[in-house]
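Quick note on labels: first sequence line is chain A, next is B, and so on, each numbered from 1. Just so you know, these numbers come straight off a predicted model, no measurement behind them.
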There are 2 protein chains.
Amino acid sequence: MHANLRARSPVWKGDTVTTPPGLRERKKQATREALREAALRLALERGPDQVRVEDIAEAAGVSPRTYNNYFASREQAIVAAVTADREARIAAAIATRPAGVRLADAITEAVIQQYTDPGEHDPEVLLLITSRTTLRDAFLDTTAGIEPPLTAVIAERLGDAGAHTARVLAASVAAAVRIALEGWLRPDGTAGTAGSFGAGGLVVPSGSLPDQLRAALAPLAPAFDAAERRRLEH
Amino acid sequence: MHANLRARSPVWKGDTVTTPPGLRERKKQATREALREAALRLALERGPDQVRVEDIAEAAGVSPRTYNNYFASREQAIVAAVTADREARIAAAIATRPAGVRLADAITEAVIQQYTDPGEHDPEVLLLITSRTTLRDAFLDTTAGIEPPLTAVIAERLGDAGAHTARVLAASVAAAVRIALEGWLRPDGTAGTAGSFGAGGLVVPSGSLPDQLRAALAPLAPAFDAAERRRLEH
DNA sequence: CAGGAAAAGTGCGTGCACGCAAATTTGCGC
DNA sequence: GCGCAAATTTGCGTGCACGCACTTTTCCTG
């Protein structure tokens, strides 16, 4: 825990003074990352069930109690190692896209870009995540994290009047993404609650992830179009 | 656990033979309900923090271990007492509506009807739920339960080709409902993650629940319309 | 109505989540 | 550098979630 954490002096970035994060903040992020990576590494080495919170904490050089100050469950740390800064990158990806294109398309492509990009892991990590239901669920839950950035970006396009709409659409996108991911890393049998529905037959042959995402987001496009249209009509 | 649970003989309902649930199933439901009600009653009497799982189990006449065979968390039982058979009622409510009206309207009205109807409790119960964050969250999580029935009903309207779409739209509705409920029983300050957004200003003056629901569902209407239209155009 | 399979209930043991109240570390003005 | 307020870490204690193996109950069939 004594890495190169020096440096500290006002810095000009863009046109505003950006006081760089102090020791406090830097250490906090360092600890968070240490926990993430320790969790993932141990899970890969021993198998996810052979890793206790105590082990992760020890490997990261903090107390077990501190672990829970950073992550609310044992799975979160492992999953976080994969999804790390996805939220920030999605926001950036959408912001980058030209303002001319349909909002629906911009979002779809940005999302695909993020979830397709191999976070420099992937080959073995995906097997790990799918291997345990609790990990799979924790992973799917991270889609909720893209809501805030999406809301911000959508709201910006729709103007103040659409703030409400933006929130709903962002949540819908997150839900769609979740569904796409579910379908993608489905181990096999449609174990899920088929309810008063299932008996029919299998629905999706589990295409590639980009295809699944496109298919899941397509039904929402009309809602985005309508929102943008309303924006133009004041 | 020795209530009036007799009766058993084939019954004709509609035009198919409906074997009534055996003792097994009836007892299971009885236990589930006993747990729900015990949980709610104790929480109201003593306050939610003064009720341990052990207490609920004892009041319902089962072992603590059995409690967790029915509910995965302490809060679920309490919340379930309020949301009991909402899922089934939503499905029925939508099915009842005339096939002529817009799908979006049918769903909106059905949802409002369900969430408006005072489940024969409400006055004090709402205060209970809002009093603790964990209870509030558990309550909001129950909105996920309306997805399966919604999916089934929507899929029926859209035909086989729309099964995929149905799933996404149902999830979007659930997300919108969740947002509406969040806004409705918001205790006060926008504590939530404002992210790169908040600083602007307050957005919603927290109207009535039906209004919140309508507002949250409205942005999705175009998506429903488009789906229905596509259905007609084969 | 006997008997055995299937399902629900139970007890136990383990690891985990988290409130609380010290102890420790960091930020910052003097 | 000094010292204090604020933030963070830590230990402890409690209750909880759940896998597993075992007992009890319900169901069905001959």
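Counting only N and O atoms by type, the side chains of A/Gln29 and A/Glu25 include a donor and acceptor under 3.5 Å apart. Side-chain contact, B/Asn69 with B/Thr66: no donor N or O sits under 3.5 Å from an acceptor N or O.
Between the C1' atom of C/dG11 and the CD atom of B/Glu54 lies a distance of 13 Å, rounded to the nearest Å. Straight-line distance from the OH atom of B/Tyr67 to the C1' atom of C/dG11: 19 Å, rounded to whole Å. With rounding to whole Å, A/Glu75 atom CD is found 15 Å from D/dA17 atom P. The interatomic distance linking A/Arg32 (CZ) with D/dT8 (P) rounds to 11 Å, in whole Å. Atom pair B/Gln76:CD and D/dC18:C1' shows a separation of 14 Å (rounding to whole Å applied). If you measure from atom CZ of A/Arg132 to atom P of D/dC18, you get 16 Å, rounded to the nearest angstrom. Atom P of nucleotide D/dT25 and atom CZ of B/Arg26 are separated by 17 Å, given to the nearest angstrom. As a whole-Å value, the separation of A/Arg74 CZ from D/dA17 P is 17 Å.
Here the side chain of A/Thr83 pairs no donor or acceptor atom with the backbone of A/Arg86 at under 3.5 angstrom.
The side chain of A/Ser63 approaches D/dG11 more closely than any other nucleotide in the set D/dG11, C/dG9, D/dC27. With D/dT25, D/dT10, C/dG9 as the candidates, the nucleotide lying closest to the side chain of B/Asn69 is C/dG9. Checked against D/dC18, D/dA17, C/dA7, the side chain of B/Arg24 finds its nearest nucleotide in C/dA7.
Side-chain N/O atoms of A/Lys27 include one lying less than 4.0 angstrom from OP1 or OP2 on C/dT26. Considering only side-chain N and O atoms, B/Lys28 lies under 4.0 angstrom from the phosphate OP1 or OP2 of C/dA8. For B/Tyr70 and C/dG9, the shortest distance from a side-chain N or O to OP1 or OP2 is below 4.0 Å.
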(request) Under the salt bridge (charged side-chain N to carboxylate O under 4.0 Å, His left out) rule, what do A/Arg178 and A/Glu182 come out as? Steps first, then yes or no, please. (result) CA-CA 6 Å; A/Arg178 185 192 172 98; A/Glu182 263 176 24; 3.3 Å; yes

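Side chain A/Arg52 to base C/dG15: no donor-acceptor pair is found below 3.5 Å. Under 3.5 Å, the side chain of A/Arg65 and the base of D/dT10 form no donor-acceptor pair of N or O atoms.
Residue contacts for B/Phe71: at a heavy-atom cut-off of 4.0 Å it reaches no nucleic acid atom on any strand shown.
Considering all non-hydrogen atoms of both residues, A/Arg36 and A/Ala84 come closest at NH1-CB, 3.8 Å.
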